[in-house]
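These notes are about the structure you will find just below.
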Number of protein chains: 2
Amino acid sequence: MSSQRTYRLGDLQLKIMRVLWQIAPASVAEVQEKLDGEPLAYTTVATMLRKMEDRHLVRHCEQQRKFIYEAAVSDADVTQSMADDLVDRLFEGNMAAAVSHLLQTHEVSPDELARLEQLIRQRRNRA
Amino acid sequence: MSSQRTYRLGDLQLKIMRVLWQIAPASVAEVQEKLDGEPLAYTTVATMLRKMEDRHLVRHCEQQRKFIYEAAVSDADVTQSMADDLVDRLFEGNMAAAVSHLLQTHEVSPDELARLEQLIRQRRNRA
DNA sequence: TCGACTTGACTACCGAGGTAATACTACCGC
DNA sequence: GCGGTAGTATTACCTCGGTAGTCAAGTCGA
């Protein structure tokens, strides 16, 4: 059951969550190291983690003087919530409109199209 | 041709843009009036419009001492840019993953499914 | 033991979104 | 001409994301 909460994460926050989802409990240094793109100051990552803990996105425990952080919300919940949020904001909740917009404005490989078609067919049969 | 710019609008900004896209040139009072949800102070709307003009999202001209605002960016550009942005952020640019996520986590009516299937088939034939 | 290094705590600062009060100004009707 | 009204300009404040410096405390190696 996905919680009803709405998540709206910034770029850095999302990147951090992704690290935590992938490598699970991690110290600040580990998170910092695993972040791709421009390297950030240690304190930047630490500060962000603290702010994220305030908002219950992550939690930490102490081990040998180190803070070990882990995600407090699931990938699925966050992804869904953020996707929902955008569909609401941009397409007034109309999912089909959103999907068709994506399909119309983007290149999708034949393979992917085939997969999507299959997906939709499954859905239709289930109904 | 859609401009390359990336738009990330807040809630209010999007609402305002929607009003301007719908009713075209409009005074502050008209925008304020057309905004749904909790009524906002006149000055709130005016301030927001000025900030948005700074960022070239809207422009205004003066008519009888009134500011008449209109959108300076198109619905299509903003929608696409925001959708792209999210696909990038959440699905690392993988469009198909995004679409399939949406399909899997939402109710879509049979009619809509049919429309989507048709859309995909068109795309596949075109390729 | 002492200094370098690690790590967390605290603080600061910027920009943007959002909200609005206050102050000024011009016009309109009496 | 005068006061209300409509409208803009100015200013302020709060939150959040993001970035990071400084400081203090603990740790570990020479």
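Just so we're on the same page: letters track the sequence lines, and every chain starts at 1.
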Let me confirm one number: the [atom1]-[atom2] distance from [X] to [Y], rounded to the nearest 0.5 Å.
X	Y	atom1	atom2	answer
B/Arg124	A/Glu112	CZ	CD	12.0 Å
A/Met48	A/Gln32	CE	CD	15.0 Å
B/Leu103	B/Leu116	CG	CG	6.5 Å

Whole Å only: how far is the [atom1] atom of [X] from the [atom2] atom of [N]?
X	N	atom1	atom2	result
B/Leu12	D/dT15	CG	C1'	15 Å
B/Asp11	D/dT15	CG	P	18 Å
B/Glu38	C/dG17	CD	P	22 Å
B/Glu30	D/dT8	CD	P	11 Å

How are the rings of A/Phe67 and A/His60 set to each other: parallel, tilted or perpendicular (split at 30° and 60°)? parallel

OP1 or OP2 of [N] under 4.0 Å from side-chain N/O of [X]:
X	N	result
B/Arg65	C/dC27	yes
B/Tyr42	C/dA21	no
B/Arg55	C/dG15	no
B/Thr44	C/dA20	yes

On DNA chain D, compare the nucleotides closest to A/Leu9 and A/Ala41; which residue's is nearer the 5' end?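 Looking at DNA chain D, the more 5' nearest nucleotide goes with A/Leu9.
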
A/Val28 vs B/Arg50, nearer the 5' end of DNA chain C by closest nucleotide: A/Val28

Have a look at [X] and say if it touches a base, only the backbone sugar-phosphate, or nothing, with a 4.0 Å heavy-atom cut-off.
X	value
B/Phe67	sugar-phosphate
B/Gln64	nothing
B/Thr47	base

Going by modelled atom types, is there a donor-acceptor pair between the base of C/dG8 and the side chain of A/Lys66 at under 3.5 Å?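 Result: no qualifying N/O pair found.
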
